[in-house]
Amino acid sequence: QVQLVESGGGLVQAGGSLRLSCAASGRTFSSINMGWFRQAPGKEREFVAAIRRTGGINLYADSVKGRFTISRDNAKKTVYLQMNSLKPEDTALYYCAADEGSVLTTTPYDYEYWGQGTQVNVSS
């Protein structure tokens with residue numbers, strides 16, 4: 001079992017930055033791949049970024065590439081999402097997720113554990 005708690009969301013103006021954090025507990029953090037997803041009202045949950053269990057391999061959605069950076073600190077059992085140059089279309093509920101599989105994936109259904117989400121609102 002893995003428990004995930006996100007933090008760091010809020011309201012920011014377009015062009016601004018936020019840093020999301022996701023603290024994990026339970027299973028050995030360094031043995032699980034981690035991802036960030038988001039869901040805007042009326043839309044399906046979509047992939048944002050993912051990082052392999054030991055780091056070194058990151059995946060990004062095209063819509064955030066070059067603006068967002070995912071990272072992890074296995075000693076602190078925390079994964080981060082640094083979001084720069086935010087746009088109004090980035091407004092969504094952001095979820096942290098954990099995957100026990102061996103292959104880093106962008107598919108939400110592959111992730112077994114989810115946090116409750118943290119809201120990000122970007123004003124124009």
Side-chain angles (χ1 to χ4, degrees):
Q1 290 287 330
V2 178
Q3 294 78 44
L4 303 170
V5 179
E6 304 97 333
S7 61
L11 174 63
V12 63
Q13 288 188 333
S17 299
L18 282 175
R19 189 195 196 200
L20 305 183
S21 299
C22 173
S25 60
R27 185 187 172 103
T28 303
F29 185 68
S30 59
S31 68
I32 52 177
N33 296 325
M34 299 297 298
W36 285 97
F37 294 80
R38 65 187 182 186
Q39 188 166 17
K43 295 187 177 181
E44 292 188 354
R45 191 168 299 188
E46 66 173 0
F47 169 75
V48 176
I51 186 167
R52 188 163 169 77
R53 61 194 69 185
T54 55
I57 298 177
N58 302 339
L59 300 176
Y60 294 97
D62 288 343
S63 59
V64 307
K65 203 171 291 184
R67 298 188 298 123
F68 290 12
T69 302
I70 189 171
S71 62
R72 65 190 295 162
D73 186 332
N74 286 349
K76 294 183 178 179
K77 298 184 178 181
T78 302
V79 63
Y80 305 97
L81 186 68
Q82 178 66 43
M83 305 186 296
N84 299 328
S85 302
L86 282 161
K87 305 175 181 180
E89 50 264 44
D90 294 318
T91 293
L93 187 60
Y94 282 72
Y95 295 92
C96 170
D99 173 28
E100 296 176 314
S102 59
V103 178
L104 193 60
T105 175
T106 64
T107 305
Y109 302 107
D110 289 332
Y111 287 77
E112 295 88 359
Y113 306 101
W114 293 81
Q116 294 299 307
T118 184
Q119 182 67 39
V120 172
N121 292 310
V122 184
S123 62
S124 58

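None of the values given here were measured: they were computed from a predicted structure.
The nearest pair of heavy atoms linking M83 to L20 is CE-CG, 3.7 Å. In this structure, G35 and Y111 approach most closely via the heavy-atom pair N-CE2, 3.7 Å. Residues A98 and I32 approach most closely at CB-CD1, 3.9 Å, considering heavy atoms.
Looking only at distances, no side-chain donor or acceptor of T107 sits under 3.5 Å from a matching main-chain atom of Y109. A distance-only check finds no donor-acceptor pair linking the side chain of Q116 to the backbone of V5 [under 3.5 Å]. In this structure, R53 contributes its side chain and L104 its backbone to no donor-acceptor pair below 3.5 Å.
Take S30 and apply the side-chain contact (heavy atoms from CB on, under 4.5 Å) test, not counting sequence neighbours, and it matches T28, N74. The side chain to side chain donor-acceptor pair (under 3.5 Å) test applied to Q119 returns N121, not counting sequence neighbours. Listed by chain and residue number, Q3 satisfy the side chain to side chain donor-acceptor pair (under 3.5 Å) test with S25 (two or more places apart in sequence, or in another chain). Applying the side-chain contact (heavy atoms from CB on, under 4.5 Å) rule to A24 yields the partners V2, L4, F29; only residues at least two apart in sequence or on another chain are considered. With sequence neighbours excluded, the residues satisfying side-chain contact (heavy atoms from CB on, under 4.5 Å) with S85 are R67. Under the side chain to side chain donor-acceptor pair (under 3.5 Å) criterion, Q82 pairs with N84, sequence neighbours left out. With sequence neighbours excluded, the residues satisfying side-chain contact (heavy atoms from CB on, under 4.5 Å) with T106 are F47, L59.
Residues in residues 58-85 take part in no ring pair (Phe, Tyr, Trp, His ring centres under 6.0 Å) pair, two or more places apart or across chains. Within the structure, salt bridge (Lys or Arg N to Asp or Glu O under 4.0 Å) contacts touching residues 97-119 (residues at least two apart or in different chains) are R27-E100. Applying the salt bridge (Lys or Arg N to Asp or Glu O under 4.0 Å) rule to pairs touching residues 36-45 yields R38-E46, R38-D90, sequence neighbours excluded. Annotation: disulfide bond (SG atoms under 2.5 Å apart) contacts involving residues 41-71, sequence neighbours excluded, are absent. Legend: salt bridge (Lys or Arg N to Asp or Glu O under 4.0 Å) pairs involving residues 72-85, not counting sequence neighbours: none detected.
In this structure, the separation between CG on L93 and CD on Q39 is 7.5 Å, given to the nearest 0.5 Å. From S123, atom OG reaches atom CD of Q13 across 5.0 Å, with rounding to the nearest 0.5 Å. Interatomic distance, E89 CD to S124 OG, rounded to the nearest 0.5 Å: 10.0 Å. The distance from the CD1 atom of I57 to the CD1 atom of I70 is 12.5 Å, given to the nearest 0.5 Å. Note that CG of N33 is 8.5 Å distant from OG1 of T54, once rounded to the nearest 0.5 Å. Here the CG-OH distance, from L81 to Y94, works out to 7.5 Å after rounding to the nearest 0.5 Å.
Residues C96 and W114 form no side-chain contact, since every pair of their non-hydrogen atoms from C-beta on lies 4.5 Å or further apart.
Residues I51 and W36 are members of one and the same hydrophobic cluster, defined by side-chain heavy-atom contacts under 4.5 angstrom among Ile, Leu, Val, Met, Phe, Trp and Tyr.
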